[in-house]
Structures are given as C-alpha cells and as structure tokens.
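The structure appears below as structure tokens.
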Amino acid sequence: MTLEIKEMSKAYGGLTVVDRVSITMEDADIIGVIGPNGAGKSTLFSLVTGFLDGNGGDVVLDGKPLGNASAVERAQAGMVRTFQVPREFAHMTVRENLMAAAPGQGGENLITTFFRPASVARQEKEIAGKVEETIRFLKLGVVADTPAGRLSGGQKKLLELGRALMTGAKLIMLDEPFAGVNPVLIEELSQKIRELNARGIGFLIIEHDLGALSKLVSKLYVMDRGKLIASGEPAAVLSDAAVREAYIGGGAN
Amino acid sequence: MDAYLIAIAIVSGIYLLLALGLNLQFGLTGLINFGHVGFFCVGAYTSAILSTNGVPVAWSLLAAALVGMLAAWPLGVISIRLREDYFAIASLGFSEIVRLVATSEGWLTNGVQGIAGIPRIFSGVTGQSQAIAMLAIVTVFCVLAILAMRRIVRSPFGRMIEAIRDNEEAVKSLGKDPAGFKMQVLLLGSMLAGLSGALYAHYIGYISPDQFIPFITFQIWMAIIMGGVGRISGTVAGVIILMVFLEGSRFLRDIAPFIPEVAMASIRLGAIGLALMLFTIYRPQGLMGDYTKR
Amino acid sequence: MNLTRRQTLASLAALAGSGLMPSLTFAQDAGTFRIGALNPITGAGGPYGTGMQKMIAAAAEVVNAAGGAAGRMFEVFAEDTQTQPQAAVLAAKKLIEVNKVQAVLGTWSSGVSLAVLPLASEANIPLFHCSGAPALSVAPANEKKLGYRFQATNDRFGRAFAEIATKEGFKRPATMAFNNASGIGNTEGFEKAWKAKGGEIVASVVYEPAQPSYRAELQKILDAKPDVIVMGSYIADTTIILREWYQTGEENTFIMPAWAGNPELVKALGPDVVEGIISVDSISNEGSPAFAAFDAAYQSAVGHPGLTNVYAAMTWDMVTVLALAMEAAGPGADMAAINAKIREVANPDGKQVSSFAEGKEALKSGPINYEGASSVLDFDEFGDVTPDFAASFIRSGEIKREYVVTL
Amino acid sequence: MTGFAELLLSGVMSGLIIGLAGLAVTLVFGIARFSNAATGDTMTLGAYGALLGTTLTGSLIFGGLVGLLAGALAAVLSYVLVFRQLANRSPISSLLASIGLAFFVRAGLGLAFGHNQSVFQLDIVRPIRFLDLRIQPNDLKFAAIALVTLVIVFIILHMTPIGRRMRAVADNPLLARVSGIAPRPVMFTLWAMAGAVSAIAGIILGMKTVVSPEMGWDMLLPAFAAAVLGGIGHPVGAIVGGLVIGVAQELATPFVGFTYKIAVSFIVLLLVLLVRPRGMFGRVEGVR
C-alpha cells in the first residue's frame, strides 16, 4: 500500500502546528518521522488518519485521494494507527481487545445478536482462532485474560499493534512505539515489525528513540516546529547539521 | 401492607425497565442520555391514547415500545455523533420538547388535562388479583429485558459497545464507526423506556405532561450510579436502593416526627444530590463493583 | 479513597433498615380514627401544601379536644404528594395499607386527585380534595361517590369571572392562562360563559411558567387593547406579569383567582401596581366563626393570615365535616354509614353550625348544616360544592370584598 | 414596528440573563472542561444571598454584594469539595456530580427559605418613553450591570497575570486535560468568577421575576444553549449567544406560539450543533 502525504497543514489560530508537510511512502516500506517535542509529529498523524481536520493538504492512498474521508473510513481503507498514550479498552481482557478489532463481524448488530445467534457463534470461533495466532505471535499468552488496563506500558503497545494486525491493515502507523518500553522489549518489538514488514505490511513510525528507529527504517523524515527540515537515509539525516541543531536546541530528551 | 409492597414492586419493575435501558446506554456504551424520561413519556402517551380509543392493551403496549423507539431516531440522527456531554444536553432538551408537545398538542394528548381512565391491564380482574397480575406482567418484561441484556453483554455487539465506552477514539482507529452502535443502543434503550412508560400509564391510570419531568431521568441515573454502572446486578441493586430510599423516607417520618414533612421533601432531594456526588467521587464503580471482567 | 463494596453495602443496609423498621409496629385501636393528610408539600403545590397539612393537624386537635368524633380520637398521618401523581399513588398506598388510614384528605392538583381517587375508592374510603377538573365528579373516577370536592370547579370559577366582568361593564376582555389544567380551566370557563352572553374575547394567551420575562405574551394581549385581562394564573407568574404590565404603562384592569390576587401579591408589588385588581374567590366566610377559628389556627401555625391560603381553609373544613359526619353516624359506624352522613351535616336544612363542638352539641337535638371556613359547603350529587363567589377589589393595598356573585 | 422593537427589547433583557448564566457555564467549561449543571442553582443561591443581604442591611447594593460573595464562595467550595476530586476523571463524572450538587443546593435553599416566593422590593415605576418605545429604568440598570460584569470578566482574563494563566490553560487542551495540576490560584479565581457571574445572573433574574428555590434550574437549558451557540469557552460569545437566544425566543412567538417559546433555545442549540458546532466564536475541535 503506497501512501502520499501532500502539503498537510494545520493551524490553531495564528499558530501553525503542521506546515505543508509532504511524505511519500512505497508499498511495504518502513518510514520514520522524528523531531523534538512539539514538532507536530502527532498532529501530523492525526491529520493523516482523519482524527483532526486540517487546513489544507491531502492524503493519497494507493493512488486514491482520501479528501474528506473520516477516520473510520481511512482505517477501513487499510491504514490503521496506534496512539502515543495507548488507548487500550481498559476494562476488557487482552483477548477481548483483539476480538473487538476483527473486521466485518456479523454479530456486531442487535438484529443478528438476537435472531441469528448460530451464525454469530460460528464467526466468533473463526475470529478466536485468529486472535490465538496474534497472541502467540506477540507473546501475550500470559496476559491473554488480564484486563488490558492492568498491562505494563510495553504490553499495551504490543496490544495496540495486535489490534492493528487484527484489522488486517496494510499500513500501520505507530505513534512512539518505543517510548517507555524497556530495551529488551524494544528489540523484540523491532523484530516483530521486521517480520510483519516481510509479510507485506508497511509501517510509518513516529519516534523519539533514534537509536532503535534508525536501525529499523529505510528513510527518515525530520520535523521541527511544524516543518519538515530534512529527509533521507537515516545515517545521512542524523549527521545533518540542521537536525542536530533542532534536537539539541529543541531540548530533546 | 401486602398491597403497598406489591405497589412498590410494580413501580420498581417499571423503574427497572427504565434503568436497564439507561444502563445499556451509559453503563455499557458510555452514552449520556439525560432525556430518558422523554421516551418514557412517548410510550405512556402512545399506549394511553390507543387503549382509550379501544385498541386492546396487548397491542397498545407493543405500539408504545415501537413508537418509543422511533421517537429516538430523530434525536439519534441529529446528535449521536456529538461529543458525549453535548449529546447529554441535546437529549435533555429533547425530553423537554416531548413534554411541551404533550402539553400543547391537545387534539392528540388532551393537553394539560391529561388522559384519565386509562384501562388497566387485565381489566377483567379487580383488587388484589389485579395488582398481582400487573406485577406478574411487569416481572415478565423485566426478566425478558434482563435476559436480553445478558445476551448483549456476551455478544460481539456487547464487546464493541464496551470498547466504545472504554475508548471511542480507539474504536474509530480500528475502522469501526461508534455512531452506528450508539444508535442501536439508543433505540433499544428507548424501546424499553417506551414499554416502561406504557406499563406506567396502565398502572397509574392517569397521565399528564407534568409527570414527565427531567427529575425522573435523574432518579434513574442515581439508581444506576449507586448500583454500579455497566453491571446488570448493579442496575437491579440500584433500583432497589432507589425505591427503598424514596419510600423509606416516608417511614423515616414515622420514627422521626420532629422532621417536618416539608423539610422531608427537601431532604429527599438533597439526599439524591448528595448520593450522586459521593458515589461519583468515592465509589464511581457503584455498589456492585467494577465492571472489569475477571 | 474508595469505599469497598462491603462498607458501602453495610452503611446502606443500616440506612434502609432504619427506614423500614417502624412499618412493622402498627396496631389498630378502636378508640382512634386514622386520617391521611396527603398534601402537595413540594412541587407546584408547594406554596399551599404545608399550610394545608398543618390545618388538618390543627383541626384534628380541635376535634380531639372536643372529645373526638363519636368518641374516636383522630390520628393524622401526613404524606407529601410532591404534586406528582406517581409519588402520590405510592404515598396513598402507604397511607392506606401501612398506616391504615380511613380517610384521605387534602390532595391538590387534578392530576394527583385523579390518580388517588381510584385507590381510595378501591379501599372504600373517602377522598376529600381541592382539585378543579370536571372528570373528578363522575365515573369512572368517582364511581363509588367517595370523592368530595371542597374547591369550586375551574369551570365555576370561570363563570364567576364572566358574571363579574358583566357587572363591571367590561366590553373587551382578554385572557391569560398558565399552561396547566387549572389555569386553562379558569379562562376557558370564562370564555364559554362570556361568549354565551354574546360577548367577544379580544385576545388570549397560554403561557409556560418559569420564564425570565412574559413581555411578549403581554404584548400580544395589550395590542388588542383590552379593558380587562382575565387571568388563570398563580402567584409567582402573576407577580412577574403584573410588574411587567405596570411597566408598560397600560391602564386596564385584571380579574384573577384569589390564589393569585392575595395579600402576598400586594406585598410583593406594592399598592400602586395592584390598584383596582378584582380578585375572585369562592366565599371564605371571613365573618363567620368557622373562618375566625381557622384564621386563628393558621396564624399561630404558619404565621400568615388565613386568607393567604384558601386550600388550608378547605383542609380545615375537611376534618370538621368528616368529624361531624362521624358524630352523626354514631359510635362504631362503618365508612358507608359515615359517607351517607356527609351531605346531611354539610347541606342546608339544619341548624347552622361553624365548629365541631357546636355541631356535636346541636346534633343531639336535630339536623345541622356546617358552614365552613372555605365556603358554605353544600355538596351536590357529584360531591361538588357550588360556593358563592366574592369579588374583592384591591384599593390602596387593601383587598376588600365588594359584592357576592351567586351562580 | 413598535411592537417588534418592544419584543426585541424584551428579548435583549431575557438574553442578558441567559447570557450571564451562559458565561458562567462557558468559563467553567473553558478551563475545567465540563458542563456545570450546578450553574443554575448557584444563580438561585446568589439570589437568596442578595435577598438575605438586602433584608439585613436594607441596601440593595450591599445585598447584591452579599449575593455575589455567596455565589463565589459556593462555587469555590464546590471546586474544593467536589470538582477537584474529579479533575483527573472523565468530564462525565464532573457533570454527574454537578447535577448532584445542583439538587443538593436546591434542597438546602428549600430547607432554609421555604418554598413560598420571595421578592426584591424594587421601586416599580412607569417606563421612560423613547421614540414611542417603553424602556424600563430598571432594565437599563440590569443591562449596565450585565455589561460591567462582562467587562470585568474580560479585564480579568486579558489584563491580569492570573487571567493570562487561565487563558493558557483554556487554550491548551492537553494542559487542560491535566487541569487537576493547574495552579490552585488559577482554579480558585476561575470558580470564584464563575460563581460570582452566576450569582449576578440569579440576582437580576430574581429582581425581574420572583425568587424561589426552583428558579435557577429552569434556566439551565437556555444557559447551555447560549454557551454552545457562542462557542464554548468564549466569554463574549456566551453573552452574544444569550442575546441571540433571548431575542429569537421573543421574535419566534408570533410563529410558534407561546407554549413552544422555551423550545426555541433547544432548537437553536441543535441547529448550531448541526451546522456550526464550534459556535459563533469558538474553536474548531472537540465537539464531535
């Protein structure tokens, strides 16, 4: 799935938070977006995924401009995001979280719930099977029946990734997947992303942790104060003077 | 004493139907409906108008449930996508409009005079057995509604609405539109409210617009919040607490005659207010506990 | 700090228990007669309910002090209808089933009375009420003829308004009604009677309560240049409307029911604004000993003149009439016997009496006719009273009755 | 034509009261991020405070100040005792608690003052005639008070350090979400301001109408509508919103009749939410 972000912009009153940012992404690629706090990365994510209305710009997915498509429609088109602060369904178990993410469930309306219980049960069984696979893949078996609200930060990030996988997304956008995650798990998470990428799923990743990210991505974009200030191969970008200035001057962690 | 207890049980059942609908909407889905009494009103009037015009009560009950549900449709279309507290205000306004219509459209509702002489259910029997028959009918509806709720909670639909309650944005990010689910929940809850209203009309025998004030809605809110949101057992417990509380205060007067009745009424209102505050602050999960799955 | 479920349950159970305990300790005593005072303490009837309830208690004390009704002492159980039918139904069931009351007195608002009357009838006990709706007179509501109305019907009030408007020579009346059964009942009764006389209504408005201003409503009325505005209103809205009316500088007159045009209104607005208002009331026998007794009791219990609460005068009468009927029926009479005596002790052709003690004494020598504090109290076949009406004019801040209208 | 102008005038007066109530709603919403259903009963409290103050001192102005302080104090207390505890929870918790608070306050006032109406003893005078228009001297005073209130709120928000901090909290949703940690003086000032504004609305309403325990609750829906119409969190917007609703209610009466008049505020509210959810002046995000 190819993604083209064209001249995305967002302003609050006089303050431009995202200023004509353009990013292109090939099918099944892994791209990183970095930048100091307040650079507008998360806002850009929200714009691309339709969680915020922008002031100009467009997103083209597989050659089709998305225009005013809603967040739901964008997700249905195969582009699924995670959140910087994980948004697990806190009162539901990990298994239920994953079940809920499966697309096209016939049982998700009241008519079938009451009048076609047999077909619903059949589909539930199918979905449960896929959920087991996902749990195994993400090694979440120990906590499968724990309410998601009680998971650790890293486990929640894994769960969000799992939910995105359950939707059958072709392009997954991860918002700071490594933040607050211990180094061992970061390595494991990176490994999973590579494996998934090998199966044809593209990733667009926002990150602070340059070390882990630069090993993962094929291309890095750097944002500062709403603007793209650099892009290219990770190594080249990281040695760029403007980037170093933005990071050190911007007081990154 | 018996008849009084039966009366309380009937009213409790009527409240329970309301509370189950609200629990589905708020407890399970996170939809803040402050206009529940509006659909209760629609149901009461539908059944009262039909049955006083010769339609058999069985049909008028059915019609009340359907019309109650249909009345929720325009509210849903207009405001289901609004942020939660905006929907709350919109629904509150909606119930007030319903009351105004009942007040003003005299050709349909007999206006401020109200509708008197609404036939009882099972008009063939009288006295105590009439009350028992009424209680039986109300109980049957409550049991059916509880069974329906249990099925919903255990279904993929139930999973989805609980996901919406826990995090609506995350649901959207998975490509599922919360609005559709909320709409269904609104309609089903309103259907129960409509049915409840019809039972109320046939039980009390007389309805007028000023019986359908927002305070009724907030009593039900108090019930589900005290009992425990999102749990069916909590809803039942909450309604029992509400009734003990509303009716118990009458008896309090008998043991504490130094409290003037006029103060009692204010105390009742104040206690509902206090309970709402204290429970939201100190026991947000309600009496029956957290709805987290164990 | 979150309470555990056990803590919460325990404290609630304690509360609930303390509330329910006493219900198990009731016994019937042949020496007492239990009456239920079912009044609108809160809700729309709030301004009157407390006074009504206090007068039931006060009148019961008077009866008890005179040795009780046919030897039985009154015991009063008070409840609040909250001016809501549903709350009233439960309150009535509690009074009837738990407190075992043998009469329910003092419901107010037609909605409440319509809901309670069937319950009282089912239990074969009488309901004395102060509601105006015509439906309360007849079947199905009053099938067993146990409902007695101490208040003139809304319709009768309207007819009295029309008589007064004719007598005062008004040509261009307009009406304003509070949007409820009583408010509209008054103005509709007026319109019907006025049109029957060949008159014309220049404008009419029905308004919703609780608004910051009624100027638009007034505007519509005043644009028609009425010489009198007939009100079906209550005290709060009347206060606001009159203030705004005065501030428009118009000069027309008002005819309104006495529960709006009362001393409290004069106090709220001052004598200038209310000058010339015609306040219409079913006759409270202000000169009569019954009213004086009520007034004294009301003054001492509530601290306002008895005139400010016509319904309290009615509840006073309710207790007295009930006691007299019991006295007339003799010791140990059942409810049917007592019910049969109600008209006998209240209607004409008998020695006029104005208190329980007086009536009790007179009953020994022949029939009596209780002349109440609220009206002369003569019940027709439906249990309705048709009192005479007084037209009182407010002049220099004083409400003075000028003449009496007989329908 | 005169009739129209008079309707307009009466709409403006109602609108100012609705607008002030809306201002209190909008202030709380802008910073504490929830719809405060206790606003109406804070109004009632203010009116009773003023009534008590007037009776005790014999001066309307002093009485008004007492009412204002009562409203401010009650609001600050409600923050300390209730809403601060709920600052980190969802706005729904605060909304529910505010309904509880509203009932509690109303019950308390009913206990303290009874259910009979009370009135402010204002001089009732015949109107000033201006271009055939009848203008009430008292109305002019009320309008002046309302405008002065708005100006003071504006000055506090825009010209004082604490006001700037308040606006900073209001402007940044992220910061507002954690407003539990917002500096205490900011929240105290906010609640005192909201309480005082409610009280002023209540006092004016009480002076124009009558004072009873139920009076404030009935103003809640129009107040919410005004706040939403003006753009939630926008003080000037709330007043303008109130004016629009007040005027719309009066001018609509020839078409919808008087009984549906009070539905107008709700219809306006729905239309705004449908067509322009951010209100007349408000920011874009956050409604849907």
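Contacts between Phe266(D) and chain B at a heavy-atom distance below 4.5 Å involve the side chain alone, from C-beta outward. Residue contact with chain D, scored on non-hydrogen atoms closer than 4.5 Å, involves the side chain of Ile225(B) exclusively. Residue Phe29(D) touches chain B through its side chain alone, counting heavy-atom pairs closer than 4.5 Å. Contacts between Ala275(B) and chain D at a heavy-atom distance below 4.5 Å are absent for every atom of the residue. Contact of Phe94(B) with chain D is made through backbone and side chain together, with heavy-atom distances under 4.5 Å.
Of the listed residues (Leu276(B), Leu100(B), Leu274(B), Ile32(B)), the greatest number of heavy-atom pairs within a distance under 4.5 Å of chain D belongs to Leu100(B). Most heavy-atom pairs under 4.5 Å with chain D, from the set Phe87(B), Trp221(B), Phe218(B): that is Phe218(B). Interface summary for chain B: among Leu269(D), Ile262(D), Ile267(D), the most heavy-atom pairs under 4.5 angstrom belong to Ile262(D). The greatest number of non-hydrogen atom pairs below 4.5 Å with chain B, out of Leu86(D), Leu81(D), Leu220(D), is found for Leu86(D).
Between the CD1 atom of Ile99(D) and the CG atom of Leu92(B) there is a distance of 8.0 Å, given to the nearest 0.5 Å.
Nearest heavy atoms, Leu96(D) versus Thr280(B): CB-CG2, 4.1 Å. Across all non-hydrogen atoms, the minimal contact from Val101(B) to Tyr260(D) is CA-OH, 3.5 Å. Taking each heavy atom of Ser266(B) and Ala107(D) in turn, the nearest pair found is O-CB, 3.0 Å. Taking every heavy atom of both residues into account, Pro91(D) and Glu84(B) meet most closely at CG-OE2, 4.3 Å.
Between Thr103(B) and Thr259(D), the closest side-chain pair of non-hydrogen atoms is not below 4.5 Å.
Looking at Arg89(D), its side chain never comes within 3.5 Å of a backbone N or O of Pro284(B) through a donor-acceptor pair.
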